[in-house]
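Structure record follows, encoded as C-alpha cells.
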Amino acid sequence: PRKVTLVNDHFVPAKDIKSAELSKAMREFAREYEIPSYFEIGRSGICHTLLPEQGLVAPGELVIGADSHTCTYGALGAFSTGVGSTDMAAAWALGETWLKVPETIRIILHGKPQKWVVGKDIVLRVLKDLGVDGARYQAIEYEGGTLQHLSQTARFTICNMAIEAGAKSGIMPADEITDEFCRGRVHREYIKYRSDDHATYARTLEYDISELTPQVAVPFLPSNVVPVESLLADKIRIDQVFIGSCTNGMLEDLREAARVLRGKKVHPAVRMIVIPATQGIYLQADKEGLIADFVEAGAVVGTATCGPCLGGYMGVLASGERAVATTNRNFHGRMGHASAEVYLASPVVAAASAILGRVAHPEELET
C-alpha cells in the first residue's frame with residue numbers, strides 16, 4: 001500500500017455526479033486497503049506536480065502512472081511512464097509490470113536562455129523537430145550545459161511534454177539542482193544514474209538555446225511551433241487565457257505570469273483563468289501576493305485541478321473561440337468545442353496575451 005498513490009485531480013471538486021462517484025470509489029478503495037497516500041481536495045493538486053512536491057518520487061526510481069504525463073518525473077532522474085488501467089491494476093496486484101527497454105533520443109542543449117525564454121519554449125522547439133510521433137516508444141534524454149541554467153520547474157515542464165512526441169519517457173540526469181529540490185522532501189536514500197560513456201542512441205539532436213526566442217504551438221498540434229514574433233503582425237485576437245496544468249502550474253510559473261501582469265489589466269475581451277497546480281503552491285502564491293496580483297488584474301484564480309486543460313470544466317471553450325494556454329495539448333476539441341483554437345505558450349507569453357487581447361510577446365509591454 002505504501003507504494004501506491006491515489007490522486008483525484010481531473011474533475012475535482014466533483015463537477016457532476018459521475019465524477020463524484022469516481023472520487024467516492026477511490027476514497028473507499030484507499031480506506032479499505034489502507035493506502036496512506038490518498039489525496040483529496042483541500043490537501044491535493046494535480047498529481048504530476050503533487051507527487052514530487054510531497055517527496056513521493058525520487059531520482060533513480062521507476063514510476064508508472066495511469067496518465068500519459070507521468071513522464072514528468074524524469075526531471076528528477078527517475079524513469080517514469082504512463083500505462084493503461086489494466087497494467088496499473090496488475091501492478092497493484094502483483095507488484096511488477098512489463099516494459100520494453102526503449103531506445104533513446106539524445107537532446108544536447110547548449111547555451112544560456114535569453115530573457116523571457118523558459119522550459120516551455122525549449123520543449124516546444126524540440127517538438128517542432130520531433131513531431132507528435134517522432135519519439136514513439138523511445139526515451140528522450142536531455143543533457144548539455146543549458147541544464148545548469150534550468151530550474152527544477154523548467155525541467156519538469158520539459159520532461160512533462162515528452163509524451164507529446166510519442167515518447168515513453170523524458171529524462172534528465174539528477175544533479176545539484178535536483179538534490180536541492182529533494183532536500184526536505186525525500187526522506188530516503190536515492191541513486192543518481194547517468195548514461196554510460198559508451199551508450200548508443202537512436203539519434204542525437206543539438207540546440208543552441210542562447211539563440212531561442214519565445215515559442216508558440218499553433219492549432220492543432222503541439223508540434224506546429226513558430227516563434228511568437230512571427231505571429232505578432234497577424235494580431236490574432238483571443239477570448240481566453242489559461243495559466244496552469246501539470247505543465248505550467250508551478251510556483252515559478254505563477255511568479256513569471258504575475259511579474260508581467262503586475263500593475264496592468266486583463267483586456268476586457270479576454271477571460272483569464274489561473275489555477276495553481278497544488279494546494280501548497282496556492283498557499284505560497286497567496287503569501288507572496290501573487291493571488292492578489294492576478295485578481296487585481298482581472299483574472300480568476302481557481303482551486304488546484306486539471307480542469308480546463310482537458311476540456312473538463314472551469315474554462316471550457318465555445319465554438320469558434322480562441323485561447324492561449326500553458327497546457328500541453330491543442331488538438332481539436334482538447335479544451336472544449338472542436339472548432340475552438342488553442343495556442344500553447346509559456347506563462348509570460350500567456351500573461352502578455354491576456355493584457356493585449358491577442359497573441360503577444362511580453363517585450364511589447366516594455367515599449
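Evaluated for a side chain to side chain contact (heavy atoms under 4.5 Å, CB included) with L150, the options I209, I158, V118 yield exactly one hit, I158. When each of N328, T326, T157, N248 is paired with K120, the side chain to side chain donor-acceptor pair (under 3.5 Å) condition holds for N248 and for no other.
Evaluation of the side chain to side chain donor-acceptor pair (under 3.5 Å) rule for D197 yields no partner, not counting sequence neighbours. Shown here are the side chain to side chain donor-acceptor pair (under 3.5 Å) partners of E141, two or more places apart in sequence or in another chain: S195, Y201.
Here the side chain of T81 pairs no donor or acceptor atom with the backbone of S169 at under 3.5 angstrom. K128 contributes no side-chain N or O that, together with a main-chain N or O of V226, makes up a donor-acceptor pair within less than 3.5 Å. In this structure, S210 contributes its side chain and K112 its backbone to no donor-acceptor pair below 3.5 Å.
More than 12 heavy atoms of other residues, nucleotides or ligands shown are found within 6.0 angstrom of CZ on F29. Within 6.0 Å of atom CZ in R27, more than 12 heavy atoms from other residues, nucleotides or ligands are found, so the atom counts as buried in its surroundings. For CG of L94, the number of neighbouring non-hydrogen atoms (other residues, nucleotides, ligands) closer than 6.0 Å is greater than 12. Sparse packing is recorded around NZ of K3, with 12 or fewer heavy atoms of other residues, nucleotides or ligands lying under 6.0 Å away. Environment of CZ in R188: crowded, with over 12 heavy atoms of neighbouring residues, nucleotides or ligands closer than 6.0 Å. Surrounding CD of E206 are more than 12 heavy atoms belonging to other residues, nucleotides or ligands, all under 6.0 Å away. When the shell of 6.0 Å around CD of E103 is examined, it contains 12 or fewer heavy atoms from other residues, nucleotides or ligands.
In this pair, F156 and F181 present their aromatic rings perpendicular. The plane angle is above 60°, beyond the 30 to 60° band. Between H48 and H69, the ring planes are perpendicular. Angles over 60° get that label, and only those under 30° would be called parallel.
A salt bridge is absent between R185 and E53: the closest approach of a Lys/Arg side-chain nitrogen to an acidic carboxylate oxygen does not fall below 4.0 angstrom.
Hydrophobic cluster membership is shared by Y282 and L50, with clusters built from Ile, Leu, Val, Met, Phe, Trp and Tyr side chains linked at under 4.5 angstrom. The hydrophobic cluster containing I163 does not contain V83, counting ILVMFWY residues as joined when their side-chain heavy atoms lie under 4.5 angstrom apart, directly or transitively.
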> When you look at R322 and D239, which way does the salt bridge (Lys or Arg N to Asp or Glu O under 4.0 Å) test go after all the steps?
Replying inline: CA-CA 5 Å; R322 187 179 291 131; D239 303 285; 6.0 Å; no

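Looking at P59 and Y73, their side chains never come closer than 4.5 Å, going by heavy atoms from C-beta outward.
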